[in-house]
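Values below: all heavy atoms of this structure, side chains included; hydrogens, waters and symmetry mates excluded. Naming convention: chains lettered A, B, ... in sequence-line order (proteins, then strands); numbering from 1 in each chain. All values reported here derive from a predicted model rather than from experimental measurement.
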2 protein chains.
Amino acid sequence: MESTTVNTFIQMDTSSLVDKVEANLVQLLVDRKLKIGDVIPTEIDLSKNLGVSRTVTREALLRLRMRGLIETKKKKGSVITSPDIFSIIGKSLDPHLLDQETLKEIFEMRLVLEIGMADFLFQNITAEHIKELKEIVKNEPDTSEDYVFHIDHEITFHGKLYEITGNQTLKKFQKLLLPVFDYVHNSGLLKKPATIKKFVSHKGLVDILENGSPELFRNAMRNHLENHFLRIFS
Amino acid sequence: MESTTVNTFIQMDTSSLVDKVEANLVQLLVDRKLKIGDVIPTEIDLSKNLGVSRTVTREALLRLRMRGLIETKKKKGSVITSPDIFSIIGKSLDPHLLDQETLKEIFEMRLVLEIGMADFLFQNITAEHIKELKEIVKNEPDTSEDYVFHIDHEITFHGKLYEITGNQTLKKFQKLLLPVFDYVHNSGLLKKPATIKKFVSHKGLVDILENGSPELFRNAMRNHLENHFLRIFS
DNA sequence: TAGTAGTATTATGTATAACATAATGCTAAC
DNA sequence: GTTAGCATTATGTTATACATAATACTACTA
């Protein structure tokens, strides 16, 4: 708690006009006064009704557009759209601009996700899924020796796992982070393959999915991913 | 593959001037021509050098600002900042604008994360952490009967767990999703508490962290969170 | 009458100029 | 040496005009 005297001060409203207009428009969406598919008035109409210049209106609309709340077409004006956070983020997530520490942590996060997924996998998996997974890993070498990670193959396999969980948001999240993984794989951050005594391959994972338990799967996945992981930082 | 005739057509460049300027500036960042902390020229200087109007430059800068790549101060101009994806997302993540299915999936995602965290928790946890956790759960009732979830208490406890992992990105991600949880808790989406035979309390979790194993913790956490989870959808 | 070329209309995209405002630095008075 | 007050500067905001692309409309031709 601060001194009572200080607390009597009123916080100034330092927000700009654009801030206010933006908040105003978002509030309209939240209140469902405007629903998905609705077209919103033209910049000029909005400006008149809000009592601000067209410039300000434009900047506010630009922000909404960047947030994925509207789409703007020439002539027809803007229409409300359902925001897909992850695709929005994806557009402005440039791995080149992340520092090494963050990249490492994102890799860790992937590890956490794929270990934590186990229960959902076993809960949702079907014979059909198993079949598809087997198809994916068919041409993969059996042992870990001189096994070269092919990033595309990696993505296909692990992407399938995310898909099996049935959780669209999770899947989108993975898709979002793909460029990051891709970047790490292609940018010399990876060291020589670390040799782990007993490396679990994709085939091994599929086998466990078919015959094993969530517990077994978690350990196997940890082993599998740690092999990647250890390659990033000495 | 399409017909060869069609392929001979050259894709038109439909991007707007603002698009180009934005890409141009981002490229500068990526190429490390501009580093974190650097101040970038004034809008007027940029406009002159790029050969576009101040309007265009402003819009491009606004986009960079929304992407968290720069911060703008009056008078001093803009400075390059290290982008914090999650705080950016947070600003444009409004639970009110998400549909029920997505909300449910985000809750599932939390479950996945907190189960998957187990290994990292046991790897990083110290006696000091245990002490702090015990302090947090001190005033909590022992059994599950008529136990009322206090959202603040929830956040404190689970937030601490994220913190213990030592993964800043993970922690930020949790912080990002907090408004979503808060919204769900306060918006009537939650049904009556589901009665699970053997409910694991926060105290139970701390106990396992002190004396148990990752395996035990995962099962306990699953049990613990499912109690929340079952309250969302009938 | 149907179909198309050409024109009009309209709303966003871009440019320019001017003033408002806030943060910073400078100067002079005490 | 401190501070009030002014000057400076770069962003914030307004206003106006024109460019451009998408749509709607019109009239002409087969």
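With sequence neighbours left out, the side chain to side chain contact (heavy atoms under 4.5 Å, CB included) criterion links A:Ser47 to A:Arg54, A:Thr57. Qualifying salt bridge (charged side-chain N to carboxylate O under 4.0 Å, His left out) partners for A:Lys171, counting only residues two or more places apart in sequence or in other chains: none. With sequence neighbours excluded, the residues that form a side chain to side chain contact (heavy atoms under 4.5 Å, CB included) with B:Thr42 are B:Ile44, B:Asp45. In this view, A:Arg67 and A:Glu22, A:Val26, A:Leu69, B:Met66, B:Ser92 satisfy the side chain to side chain contact (heavy atoms under 4.5 Å, CB included) rule, not counting sequence neighbours.
Between A:Tyr162 and A:Leu113, some side-chain heavy-atom pair lies under the 4.5 Å cut-off. At a threshold of 4.5 Å between non-hydrogen side-chain atoms, the residues B:Leu161 and B:Leu133 count as touching.
No donor-acceptor contact under 3.5 angstrom links the side chains of A:His129 and A:Glu163, judged on distance only.
Atom CG in B:Leu17 sits roughly 12 Å away from atom P in C:dG13 (whole-Å rounding). What separates CG of A:Leu62 from P of D:dG12 is a distance of 13 Å, to the nearest Å. Following rounding to the nearest Å, A:Glu59 (CD) and C:dT12 (P) show an atom-to-atom distance of 16 Å. Atoms CG (A:Leu46) and C1' (D:dT13) sit 17 Å apart, rounded to a whole Å. Atom CG in A:Asp19 sits about 17 Å away from atom P in D:dT11, given to the nearest Å.
Note on A:Glu135 versus A:Lys131: no salt bridge recorded, every NZ/NE/NH1/NH2 to OD/OE distance being 4.0 Å or above.
Of the residues in residues 49-58 of chain B, those placing a heavy atom less than 4.0 Å from an atom of DNA chain D are B:Arg54, B:Arg58, in numerical order.
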Give each protein N/O atom lying under 3.5 Å from an N/O atom of nucleotides 7-10 of chain D, with the pair distance.
residue: D:dT8; atom: O2; partner: B:Lys75; partner atom: NZ; Å: 3.3
residue: D:dT9; atom: O4'; partner: B:Lys75; partner atom: NZ; Å: 3.3
residue: D:dA10; atom: O4'; partner: B:Lys75; partner atom: O; Å: 3.1

